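Down below is the structure, laid out as structure tokens.
Since we're looking at a predicted model, the values are computed, not measured.
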Amino acid sequence: MDMIIEQGTLLLLSLVANTLSAMAGGGAGLLQLPVLLFLGLSFNTALATHKIASVALGIGATLRHMKEGNLDYRFCGFVLLCGLPGVILGADIILTIPEGWTIFSLGILTSSLGIYSILKGSLGLTAEPKNRDRRGMIIGGLILFMIGILNGSLTSGTGLFVTLWLVRWFGLDYKTAVTYVLILVGLFWNSAGAITVSLQQAPRWEWLAALLIGATAGSYLGAHLAITQGNTLVKRAFEALTIIVGIKLITDGVLILSTV
């Protein structure tokens with residue numbers, strides 16, 4: 001009976017976290033990682049387990065978004081080329097560096113993303129392609145590389161950074177930006193990070209099935225809601241989740257620093 005309750009809790013947790021994440025373009029770790037820690041895993045084991053489970057966010061969302069058939073595959077290749085080296089670098093160093101100040105600073109920055117989007121009322125509601133010249137692509141690619149380092153080394157919220165960067169710098173609307181983030185970050189960046197981290201720290205294998213099933217179903221549902229409800233819902237979900245994730249990261253950073 002305890003095992004059934006445990007697996008049911010993991011399934012429900014993953015379903016809720018990834019539904020919200022698929023609507024906003026990131027943030028699944030906000031709920032998933034703290035619960036794994038609460039259930040008794042060490043930070044390193046919880047991180048490895050979460051990283052592997054987060055790959056299913058990309059699987060479910062990809063299945064739904066591919067039906068729309070509106071991806072620019074050259075732009076997909078650009079995002080992967082810029083971001084994947086950073087993800088691998090970040091995942092390689094995460095288990096060896098202190099994290100208090102990093103998480104605290106990231107929390108402030110993440111919250112500011114949501115506040116910025118709220119203040120820019122029309123941001124991301126319509127597509128306005130820009131910065132597609134050589135200079136714009138170089139700057140955009142360097143920022144994607146740096147976000148990739150954060151994605152590999154931290155546990156939640158970095159997909160939200162990619163979402164806003166694609167909207168703000170490249171002029172995508174929110175719905176399209178989230179599509180790219182869920183497929184490229186959710187599936188490919190997260191896979192690279194999961195492999196790199198799991199080579200250093202084994203996950204809790206017996207928990208992965210429930211987490212993967214919940215993540216696949218939740219991300220499909222969240223992607224479906226984003227597609228059918230449009231940019232306004234996605235923008236509001238993004239703003240809400242960035243602020244919540246930011247507050248959570250600030251709190252975590254303060255707790256870590258207070259124990260040092």
Side-chain angles (χ1 to χ4, degrees), residues 16-34 50-51 53-58 60-61 65 79 82-83 86-87 90-91 94 102-120 123-125 140 143-190 193 215 218-219 222-223 225-226 231-253:
V16 172
N18 286 279
T19 297
L20 294 174
S21 183
M23 291 174 60
L30 169 69
L31 295 175
Q32 192 159 277
L33 187 77
H50 166 66
K51 287 287 187 183
S54 67
V55 175
L57 170 64
H65 280 292
V79 174
C82 295
V87 174
I94 177 56
T102 303
I103 291 178
F104 178 79
S105 301
L106 183 64
I108 294 176
L109 185 57
T110 303
S111 296
S112 71
L113 299 181
I115 295 171
Y116 176 81
S117 181
I118 291 171
L119 294 176
K120 298 286 185 178
L123 180 70
L125 294 180
I143 298 298
L144 287 171
F145 173 76
M146 289 187 283
I147 298 174
I149 294 176
L150 291 175
N151 178 271
S153 60
L154 295 167
T155 58
S156 89
T158 50
L160 300 168
F161 280 62
V162 181
T163 298
L164 188 61
W165 184 242
L166 295 182
V167 170
R168 179 64 183 85
W169 185 254
F170 291 111
L172 276 63
D173 61 89
Y174 267 108
K175 188 169 67 172
T176 303
V178 167
T179 299
Y180 282 109
V181 169
L182 292 176
I183 295 174
L184 302 177
V185 176
L187 189 56
F188 293 98
W189 287 26
N190 285 353
S219 60
L225 290 172
N231 281 312
T232 300
L233 175 64
V234 177
K235 178 178 171 68
R236 297 295 175 253
F238 173 86
E239 292 163 353
L241 207 55
T242 47
I243 292 173
I244 294 170
V245 169
I247 293 172
K248 177 64 170 58
L249 290 171
I250 291 170
T251 303
D252 287 348

Relative to each other, are the rings of F238 and Y174 parallel, tilted or perpendicular (30° and 60° limits)?
->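 F238 vs Y174 ring planes: tilted.
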Evaluate the side chain to side chain contact (heavy atoms under 4.5 Å, CB included) criterion for residues I118 and I243: first the C-alpha distance (whole Å), next the side-chain angles of each, then the deciding distance (0.1 Å), finally the verdict.
-> CA-CA 11 Å; I118 291 171; I243 292 173; 3.9 Å; yes
What's the shortest heavy-atom distance between [X] and [Y], and which atoms?
{"X": "S111", "Y": "G246", "value": "OG-CA, 3.2 Å"}
{"X": "K120", "Y": "K235", "value": "O-NZ, 3.1 Å"}
{"X": "L57", "Y": "A215", "value": "N-CB, 4.2 Å"}
{"X": "A24", "Y": "L241", "value": "CB-CD2, 3.7 Å"}
{"X": "K175", "Y": "A226", "value": "CD-O, 3.3 Å"}
{"X": "S219", "Y": "A22", "value": "O-CB, 3.4 Å"}

Could you go step by step and tell me if F170 and V79 meet the side chain to side chain contact (heavy atoms under 4.5 Å, CB included) rule?
-> CA-CA 12 Å; F170 291 111; V79 174; over 6 Å; no
Output all residues satisfying salt bridge (Lys or Arg N to Asp or Glu O under 4.0 Å) with D252, sequence neighbours left out; order by chain, then residue number.
->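 Residues passing salt bridge (Lys or Arg N to Asp or Glu O under 4.0 Å) with D252: K248.
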Tell me, do L166 and T176 make a side-chain contact under 4.5 Å, heavy atoms counted?
->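 Not in contact.
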Taking the side chain as C-beta and beyond, is there a heavy-atom pair between V87 and I149 under 4.5 Å?
->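 No, their side chains stay 4.5 Å or more apart.
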Partners meeting ring-ring contact (aromatic ring centres under 6.0 Å, His included) with F188 (sequence neighbours left out) =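 In terms of ring-ring contact (aromatic ring centres under 6.0 Å, His included), with neighbours along the sequence ignored, F188 is linked to no residue.
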Nearest-0.5 Å distance, [atom1] of residue [X] to [atom2] of residue [Y]:
{"X": "L113", "Y": "T163", "atom1": "CG", "atom2": "OG1", "value": "9.5 Å"}
{"X": "N190", "Y": "L184", "atom1": "CG", "atom2": "CG", "value": "11.0 Å"}
{"X": "W169", "Y": "I143", "atom1": "CH2", "atom2": "CD1", "value": "8.5 Å"}

For a side-chain contact (heavy atoms from CB on, under 4.5 Å) with L125, tell me which candidate from V167, D173, T232 qualifies.
->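 The residue from V167, D173, T232 that satisfies side-chain contact (heavy atoms from CB on, under 4.5 Å) with L125 turns out to be T232.
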Would you say the side-chain atoms of S117 pair up with the backbone N or O of G114, donor to acceptor, closer than 3.5 Å?
->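 Not a single qualifying donor-acceptor pair exists.
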Donor-acceptor under 3.5 Å (T242 side chain, E239 main chain) |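 Confirmed, T242 side chain pairs with E239 backbone.
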Criterion side chain to side chain contact (heavy atoms under 4.5 Å, CB included) on V178 and M23, from CA distance to verdict | CA-CA 8 Å; V178 167; M23 291 174 60; over 6 Å; no
